[in-house]
Amino acid sequence: MTISNAIKFKNSYAKELHEICERCVPSGFNKSEIVLKNYILAKELGLSKKFVESKECLEIFSGVSIPESSQPIAQGYCGHQFGHFNPQLGDGRAILLGEINNQDIQLKGIGQTPFSRRGDGKSSLGPVLREYIVSEFMHSIKIPTTRALFAIKTNETVMRETEQFGGVLTRVAKSHIRIGTFEYARSKSNKTLKSLADYSINRHYPELNQTDNKYLSFFAAVCDRQALLISKWMSVGFIHGVMNTDNMTISGETIDYGPCAFMNEYNPKTVFSSIDHNGRYAYKNQPAILVWNLAKFAETLIPLVNEESEKSVKQLTEVLQLVMPSYEEYFYKEHFKKLGLEEKSNKNIRIVKDYLSILESNSIDLTSSFRDLSKILVNDKKIKESVFSNIHNFDQWYECWKQELNKNQNLNIAKKMDSINPCYIPRNHIIEEVLMAVMNNDLSELNKFIKILENPFKEISKYQEYTSTPLNSDSNYVTYCGT
Ligand code: AMP
Ligand code: MG
């Protein structure tokens, strides 16, 4: 282990919340290589290209060298997993190096920590690359998310169902504080809980320090950000796959890209995860699960909101009851934008509902539908080449939709639609192909795919194949937790 001075870390979490984290040291993987480097994000964090290219950078992010300013920790948390409380979670394979520019820098897959239980603390390379691809895509389409700075291939293999390449992801987040972190702090003491809440407010919602009941306002603010987040997931067909309370941040960023996937044909019942036997986290259930998780969050805040717990419960419940209506408001707002509609009206809500029901009853690809629609708007004849060709009730819907659009503005509306409806998404079958090439030591497909997803709104004819849906649909596609 060597000590480096190349990066300056702050360690506010390690210092202020030491009751709910454990100091630990990354195992370190000698002779690793960085497979993916996010130069843009590195620059935002103040890391120069020269540094990113250096041996020192590789050594820090493969855990071989520890920056002198870093106090590495594993964070403790609990979680409700598939509805059942698990008091024994925490960063079992991730270590937080500290903060740069108020953002957490975490190494995921870096070896055992005090929270590893029986796990090896490692990750295989496939899920690391998958998280890199999908989280960076989410950022490209402006959905709040943790980011990926580096993906590293270690010199070791990890044993899963088969022997696989090992990997480490450098994850960057506004913070890694989860609902599960509050569940953990509450299990320690009210004092610890209060410290975590104060820390979270100062870090993410400092403006709330001025409000009458800052803990209640904090709850409302988290509810609001999460409602917005889930509405955005729903608008692009994103299925998280494991919406446990330990996988939901209080910053409102998407976190933990395990068995997540985007659906192709619009079917609200879609589930991809191998472990989600009852479809608890199916696409259509995500808003209700959000409310369920926020109820668990509310429970942790009872001691802070009011000295009398009955009053606390009442106040928190009132806020919780607003989550579903607020989610719906956001959901329609997202869809009005996607369909080029300007104002909220019952008629426009009907248009969105009817649109989605046409997609559902005809098993139409969600992503392509919005792109094809803008093409038809500019040129009616395009319908023949579109996903709507021969869809019997489409014409009627189309006329109804056009009536609500700003007259003579078709070209502008189509352009606007294309600027927010992605043409390219990380479709499951393409990710699989790209990862397969990597396992055969070919990185070219991976680099190309990442480049395409950096600007997913701009259609480029030579990348036509990346818009294709899987040959035999992917309703049987299965995703696995990234372990
Ligand atoms: P996740 O599925 O990534 O949300 O992880 C759920 C819990 O299992 C977290 O507490 C992880 O830290 C832990 N975990 C997952 N994989 C491993 C592993 N290979 N070694 C130790 N802990 C792990
Ligand atoms: Mg997790």
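Both counts, for ligands and for their atoms, begin at 1 and track the order of listing.
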Which ligand 1 atoms, with their elements, are less than 4.0 angstrom from a heavy-atom of K122?
19 (N)
Which of the atoms in ligand 1, numbered in the order shown and given with their element, are less than 4.0 Å from a heavy-atom of G90?
9 (C), 10 (O), 11 (C), 12 (O)
Carboxylate-amine/guanidinium contact K108 D256, below 4.0 Å
yes
Is any NZ, NE, NH1 or NH2 atom of the basic residue among D365 and R427 found under 4.0 Å from an Asp or Glu carboxylate oxygen of the other?
yes
Describe, in one word, how the ring planes of F238 and H240 are oriented to each other, choosing from parallel (under 30°), tilted (30 to 60°) and perpendicular (over 60°).
perpendicular
Atoms of ligand 1 under 4.0 Å from any heavy atom of D256, numbered from 1 in the order shown, are 3 (O), 4 (O)
Tell me, do Y77 and F182 make a side-chain contact under 4.5 Å, heavy atoms counted?
no
Does only the side chain of F115 get under 4.0 Å from ligand 1, or the backbone, or both, or neither? Count heavy atoms.
neither
Is any NZ, NE, NH1 or NH2 atom of the basic residue among E334 and K338 found under 4.0 Å from an Asp or Glu carboxylate oxygen of the other?
no
Under 4.0 Å between a side-chain nitrogen and a carboxylate oxygen: does that hold for E318 and K314?
yes
May I ask you to say whether D198 pairs ionically with R203, meaning some side-chain N is under 4.0 Å from a carboxylate O?
no
What atoms of ligand 1 come within less than 4.0 Å of a heavy atom belonging to G119?
20 (N), 21 (C)
Is D120 in polar range of ligand 1, meaning some N or O pair under 3.5 Å apart?
yes
Electrostatic pair E299:R186 at N-O distance under 4.0 angstrom
no
May I ask you to decide if the ring planes of F218 and Y205 are parallel, tilted or perpendicular, using 30° and 60° as cut-offs?
perpendicular
Close-contact set for ligand 1 against N247 heavy atoms, below 4.0 Å:
4 (O)
Show all protein N/O/S atoms under 2.8 Å from the Mg ion (ligand 2), or state that there are none.
N247 OD1, D256 OD2
One thing to verify: whether E183 and K296 come together as a salt bridge, which I'm taking to mean a side-chain N less than 4.0 angstrom from a carboxylate O.
no
Per-atom contacts, ligand 1 versus R117 - under 4.0 Å to a heavy atom
7 (C), 8 (O), 10 (O), 13 (C)
With atom 5 (O) of ligand 1 as the reference point, say which of R160, E131, R93, Q88 has the nearest heavy atom.
R93
